[in-house]
**Student:** 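This is the structure I want to talk about, given as structure tokens.
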Amino acid sequence: MSNSFDDIPFFDEEPEPAPRRQQVPSDRQQPTQSGPLGGSQGGLGIAARAMAARDGARPAADYLSGLNPEQREAVETIDGPVLVLAGAGTGKTRVLTTRIAHILETGRAWPSQILAVTFTNKAAREMKERIGVLVGGAVEGMPWLGTFHSIGVKILRRHAELVGLRSDFTILDTDDVVRLIKQLIQAENLDDKRWPAKQFAGMIDGWKNKGLLPPDIPEGDARAFANGKGRELYAAYQARLRTLNACDFGDLLLHPITIFRKTPDLLKEYHQKFRYILVDEYQDTNTAQYMWLRLLAQRPKDVPQNVCCVGDDDQSIYGWRGAEVDNILRFEKDFHGAKVIKLERNYRSTEHILGAAGHLIAHNEGRLGKTLFTDRVDPDDEKVIVHAAWDSEEEARAVGEEIERLQRGDGDGKKHALNDMAILVRASFQMREFEDRFVTLGLNYRVIGGPRFYERLEIRDAMAYFRLVCQPADDLAFERIVNTPKRGLGDTTIRYLHDSARARDVPMLQAASEMVETDELKPKARKALFDVVQNFRNWQERLERTEHTELAEQILEESGYTDMWKNDKSAEAPGRLDNLKELIRSMEAFESMRGFLEHVSLVMDAEQNENLDAVSIMTLHSAKGLEFETVFLPGWEEGLFPHQRALDEGGRSGLEEERRLAYVGITRAKRRCHIWFVSNRRIHGLWQSTLPSRFLEELPQSHVDVAASDSSNYGGYGGRGGYGQSRFDKAEPFANSYSTPGWKRAQANKTDATRDNWGNRSGHAVERIGYGESGPRGRTIDGELVAKSVADTPSKFSIGDRVFHIKFGNGNVAGIEGNKLTIEFDRAGQKRVLDGFVEKA
DNA sequence: ACCAGACACTTTTTT
DNA sequence: AGTGTCTGGT
């Protein structure tokens, strides 16, 4: 097949304007102006009230009645381009879902004629649910609601042959991509140390985000890698993907773009199909997504372009992975006659939180400018509280205490659920300290993000087996498992197999099945390979007639893969077996193995246990879109937040993105927001003394309190003043508050409170500037639980006891100090736990 | 095939 | 510092 990429102009000029023909083609499926509900078609599940509402002078449909005027305008402005600038907590998702419901209920389109795009599966899922509630459960009727990628796959599967693929192509994940590139680098006789595959994978990703195919990449980029072979390597990669009948994530967007450009008729069909287009989180779109969207959204003059993009330039935090805030800024230019609607009424947070966040973000220059406000007035609302700690360990301890305090209800007499609290960190290494602390406290927590289920070794191995059964051309899967478990097929054999497969341009599995008929291999290798080939033949045969979960189990059994882990005596092995069982279990929800594989490649997340009451720990990035009653923001220090690298590499715009991240963090909070900074932090192993973040100085004094933490060394923070005055002098920069009575009190306190660095340290005494409260309140002793039970009862456990812990499973007691047990867990390794959290097994 | 020691890497992450 | 990956030796 010829290289179908070579002759496609990609980034030069505007594509041909979209179809010129009149809208409203005579598609059978087309609703008339009176709407799809006018007739007696059933099965849409749209509530009957819609029909009543449509006729004559109707009262506002009840789904509209709860909206404020701006939201309502955003929902009801159906024809023509609309940009909704929706600040944090202003009801963005509500607008989006209500708008879809409105389109459906007024009979302007069938569910299948609405294209609604999100970035994450989670957002897509949530939208589906909420539309279902509004419209009465017709969620299956919205086949084109999904992520950019899942919609991309859907389109691509229909027209794969136009870009040289078969419709059963495989979607490779990052790991596969890196392995593939590594092979290519080695094939070029390049030093794979000097030119790391991972780095090149990143470059390709970057190019694809910009919509660039090999001919389009800038000279400089092409030269910068692999002794100037960057472009060739990229082209070789694309070619290799095609022979593997595979795609990477970028291709899921790029291929459809290519297809639309080279087959205008097809694009026309999509134009007719998608009468309404909606995009969520528009500030996060990258160039490729933007191109894709424009191709689909463009309409001839005089035909309304029914595009609605919703976004918030202040929450654009993905510039580093190719998002172009410009897309949002130039919306009005791209779509003529666009109506821009701002949503600024916030329903989430207190005025203090909004005030703090708003004042901070006002320091950014490149923004469209919104100011969030709320009607909520409650003198009991807490200000944002800034805390200082000596080091990250103390920070974790203090946060833990605050959490327990809220949980007990000491503060306001209300007991707070752990589910309502979150710790949002800048970088994931910060999480560890909190986890350690919470383990010791026996405080439930859950980490959001981080290493994912489907990325685990054993899961990826198992998936490789399944992939190869479904898609015998998947050489990457073949290479992954051909010698896993060990079958005596070493590097030499595999390399030989690989080379001869490439030479004859056939998949490796096929090459292997031919090779075992010859004498090319040594008898031992030949036998081993023969067995592998036989196995795959068997499994492929069973694919159509065996229940897929059953087949999956058989594959793992017969291949010896489960045995491999059963025989493995390492600590992780039992956990891995559990994960494999979990994998099979999760397949039950799918109709076929293929369906399951598709799901996994697009939806990498596995759902969390929602029933457990636990504090959430996550990065600021993954917190976007979420909200919590109480939010803890640790690590506000120069170098960490704003991150040094963002500053070094991104300059001013890097700093502004960090500031937006801070803004996102604060605006996650509904009622309480605690910010922490430490004076000493260990970075890459060495202790460094750190300066408080400049963002602290950018917070307005009127909405912020300073907490006095008595054990800390403030290191002359207030006097340092190294950042110059902010542009917001008249609003009293935060730095000034360090000369307030509260601050001085804190300074004075530290002398007598630091005397005991461990046991008797008081937690946080919160000094409320402006509320005139009477100084530090109820002091929480660190490890209160410890103190209590040590005095009362000797531990009921003894060394060697077999115990069970709800999170870590079974283990043996290895040590006892008071009521703190050191336990050697079968799966989780050694942990220190309070004895109240384990029971005798 | 397996292990030990060297070496590298250390912001954010979805799909 | 700590972890994970890769190489080179046995």
Side-chain angles (χ1 to χ4, degrees), chain A residues 117-124 146-154 156 171-179 182 191-194 196-199 202 205-206 208-209 247-254 280-281 284-286 288-289 316-323 392 424-433 448-452 454-455 457 483-493 524 598-605 618-625 635 639-650 654 657-658 660-662 664-665 681-688:
Chain A
V117 211
T118 64
F119 272 80
T120 63
N121 291 297
K122 203 175 148 207
T147 62
F148 275 99
H149 292 85
S150 66
I151 290 168
V153 184
K154 205 161 179 170
L156 191 52
I171 302 161
L172 302 184
D173 64 27
T174 332
D175 203 79
D176 293 319
V177 167
V178 171
R179 286 192 301 139
K182 189 164 183 181
D191 180 2
D192 62 337
K193 275 284 168 50
R194 173 131 182 253
K198 222 173 158 186
Q199 192 191 337
D205 197 50
K208 291 192 172 179
N209 284 159
C247 262
D248 63 16
F249 284 121
D251 287 341
L252 299 180
L253 284 168
L254 278 191
D280 192 16
E281 305 279 15
D284 288 337
T285 47
N286 62 36
Q289 285 157 337
S316 161
I317 53 174
Y318 286 111
W320 52 275
R321 65 175 200 213
S392 50
L424 312 181
V425 298
R426 171 67 247 258
S428 41
F429 74 83
Q430 291 173 262
M431 293 180 181
R432 216 184 127 164
E433 209 102 38
I448 309 220
R452 275 171 288 193
Y454 293 114
E455 281 168 9
L457 178 86
N483 198 32
T484 311
K486 299 270 185 284
R487 303 185 172 96
L489 294 164
D491 285 349
T492 342
T493 318
K524 213 178 135 198
E598 174 108 340
H599 168 83
V600 171
S601 55
L602 290 172
V603 184
M604 293 295 281
D605 56 347
M618 68 189 100
T619 63
L620 287 160
H621 283 89
S622 38
K624 195 169 72 159
L640 177 60
F641 194 30
H643 199 280
Q644 192 57 46
R645 234 166 113 174
L647 263 30
D648 293 346
E649 288 167 18
E657 184 154 313
E658 295 288 289
R660 290 193 291 269
L661 202 47
V664 167
R681 191 176 288 277
R682 203 166 36 188
I683 299 166
H684 309 328
L686 12 121
W687 284 97
Q688 303 210 305

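Model, not experiment: these values are computed from the prediction. Naming: A, B, ... by sequence-line order, numbering from 1 per chain.
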**Student:** Quick one: label A/Ser428 by what it contacts on the DNA or RNA (base, sugar-phosphate, nothing), any heavy atom closer than 4.0 Å.
**Tutor:**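 It contacts sugar-phosphate atoms only.
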
**Student:** Roughly, in whole Å, what's the span from CE in A/Met618 to C1' in B/dT14?
**Tutor:**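 Rounded to the whole Å, the gap is 16 Å.
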
**Student:** With P as the reference atom in both, quote the distance from C/dG4 to B/dT11 in angstrom, rounded to an integer.
**Tutor:**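 It works out to 16 Å between them.
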
**Student:** Would you kindly compare A/Phe148 and A/Ile317 by the position of their nearest DNA chain B nucleotide and give the one closer to the 5′ end?
**Tutor:**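 Mapping each residue to its closest nucleotide by heavy atoms, the 5'-most match is A/Ile317.
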
**Student:** Dump the intermediate steps for salt bridge (Lys or Arg N to Asp or Glu O under 4.0 Å) on A/Lys208 and A/Asp205, then the final yes or no.
**Tutor:** CA-CA 5 Å; A/Lys208 291 192 172 179; A/Asp205 197 50; over 6 Å; no

**Student:** Which residue, A/His621 or A/Thr174, contacts DNA chain B at a nucleotide closer to its 5' end, judged by nearest heavy atom?
**Tutor:**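 Looking at DNA chain B, the more 5' nearest nucleotide goes with A/His621.
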
**Student:** Rounding to an integer number of Å, can you tell me how far A/Glu598 CD sits from B/dT15 P?
**Tutor:**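 Rounded to the whole Å, the gap is 14 Å.
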
**Student:** Output the distance between atom CD (A/Glu649) and atom NE2 (A/His643), rounded to the nearest 0.5 Å.
**Tutor:**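 Separation between the atoms: 9.5 Å.
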
**Student:** Using the side-chain contact (heavy atoms from CB on, under 4.5 Å) definition, which of the options A/Gln289, A/His149, A/Lys624 pairs with A/Phe119?
**Tutor:**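 With A/Phe119 as partner, side-chain contact (heavy atoms from CB on, under 4.5 Å) holds for just one option, A/Gln289.
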
**Student:** May I have the distance from A/Lys122 (atom NZ) to B/dT15 (atom P), rounded to whole angstrom?
**Tutor:**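 To the nearest whole Å, that distance equals 10 Å.
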
**Student:** Indicate whether OP1 or OP2 belonging to B/dT11 is found under 4.0 Å from a side-chain N or O atom of A/Arg645.
**Tutor:**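 It does, given that an N or O in the side chain of A/Arg645 lies less than 4.0 Å from OP1 or OP2 of B/dT11.
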
**Student:** Once you round to the nearest 0.5 Å, how far does CZ of A/Phe148 lie from OG1 of A/Thr285?
**Tutor:**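 Taking CZ in A/Phe148 and OG1 in A/Thr285, the distance rounds to 6.0 Å.
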
**Student:** Pick base, sugar-phosphate or nothing for A/Gly488, based on heavy-atom distances below 4.0 Å to the nucleic acid.
**Tutor:**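 Here A/Gly488 touches the backbone only, sparing every base.
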
**Student:** For B/dT14, does OP1 or OP2 lie under 4.0 Å from any side-chain N or O of A/Thr147?
**Tutor:**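 The answer is no; no side-chain N or O of A/Thr147 sits under 4.0 Å from OP1 or OP2.
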
**Student:** Taking only the side-chain nitrogens and oxygens of A/Lys193, find out if one of them lies under 4.0 Å from OP1 or OP2 of B/dC9.
**Tutor:**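 A/Lys193 to B/dC9 OP1/OP2: no side-chain N or O under 4.0 Å.
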
**Student:** Could you give the CD-to-C1' distance, from A/Glu281 to B/dT14, as a whole number of Å?
**Tutor:**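 Checked: the CD to C1' distance equals 12 Å.
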
**Student:** I want to verify a distance call: between B/dT13, B/dT15, B/dC2, whose nearest atom is closest to the A/Lys486 side chain?
**Tutor:**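 Out of B/dT13, B/dT15, B/dC2, the nucleotide with an atom closest to A/Lys486's side chain is B/dC2.
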
**Student:** Can you tell me how the ring of A/Trp320 sits relative to the ring of A/His621, calling it parallel under 30°, perpendicular over 60° and tilted otherwise?
**Tutor:**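 Ring orientation of A/Trp320 relative to A/His621: perpendicular.
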
**Student:** For A/Glu649, answer base if it contacts any base atom (sugar-phosphate contacts may also be present), sugar-phosphate if it contacts only those atoms, and nothing otherwise; contact means non-hydrogen atoms under 4.0 Å.
**Tutor:**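 Counting heavy atoms under 4.0 Å across all strands, the contact made by A/Glu649 includes a base.
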
**Student:** Stacking between B/dT12 and A/Tyr318, yes or no? Criterion: centroid separation under 5.5 angstrom, plane angle under 30 degrees.
**Tutor:**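 One would not call A/Tyr318 stacked on the B/dT12 base.
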
**Student:** As a test of reading the structure: which of C/dG2, B/dT13, B/dT11 is closest to the side chain of A/Arg432, going by heavy atoms?
**Tutor:**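 Nearest nucleotide to the side chain: C/dG2.
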
**Student:** Starting from C1' on B/dT13, measure out to CD on A/Gln289 and report it in whole angstrom.
**Tutor:**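 Distance check: A/Gln289 CD to B/dT13 C1' gives 13 Å.
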
**Student:** Side chain of A/His643, heavy atoms from C-beta onward: which of B/dT14, B/dT11, B/dT12 has the nearest atom to it?
**Tutor:**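 Closest of the options to the side chain of A/His643: B/dT11.
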
**Student:** Check whether any side-chain N or O of A/Asn121 sits under 4.0 Å from OP1 or OP2 of B/dT14, and answer yes or no.
**Tutor:**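 For B/dT14, neither OP1 nor OP2 has a side-chain N or O of A/Asn121 closer than 4.0 Å.
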
**Student:** In whole angstrom, what separates A/Gln430's CD from C/dG2's P?
**Tutor:**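 Computing the A/Gln430:CD to C/dG2:P distance gives 18 Å.
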
**Student:** Output the single nucleotide from B/dT15, B/dA1, B/dT14 whose closest atom is nearest the side chain of A/His149.
**Tutor:**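 Nearest listed nucleotide: B/dT15.
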
**Student:** What distance do A/Asp248 atom CG and A/Leu254 atom CG have between them, rounded to the nearest 0.5 Å?
**Tutor:**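 Answer for the CG-CG pair, A/Asp248 versus A/Leu254, is 8.0 Å.
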
**Student:** What is the separation between atom NZ on A/Lys624 and atom P on B/dT12, rounded to the nearest whole Å?
**Tutor:**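 Taking NZ of A/Lys624 and P of B/dT12, I get 17 Å after rounding.
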
**Student:** Students often get this wrong, so: under 4.0 angstrom with heavy atoms, is A/Lys208 touching a base, only sugar-phosphate, or nothing?
**Tutor:**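 If one applies the 4.0 Å heavy-atom cut-off, A/Lys208 turns out to touch nothing in the nucleic acid.
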
**Student:** Check the distance between C/dC6's C1' and A/Arg194's CZ and give it to me in whole angstrom.
**Tutor:**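 So the two atoms are 19 Å apart, to the nearest Å.
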
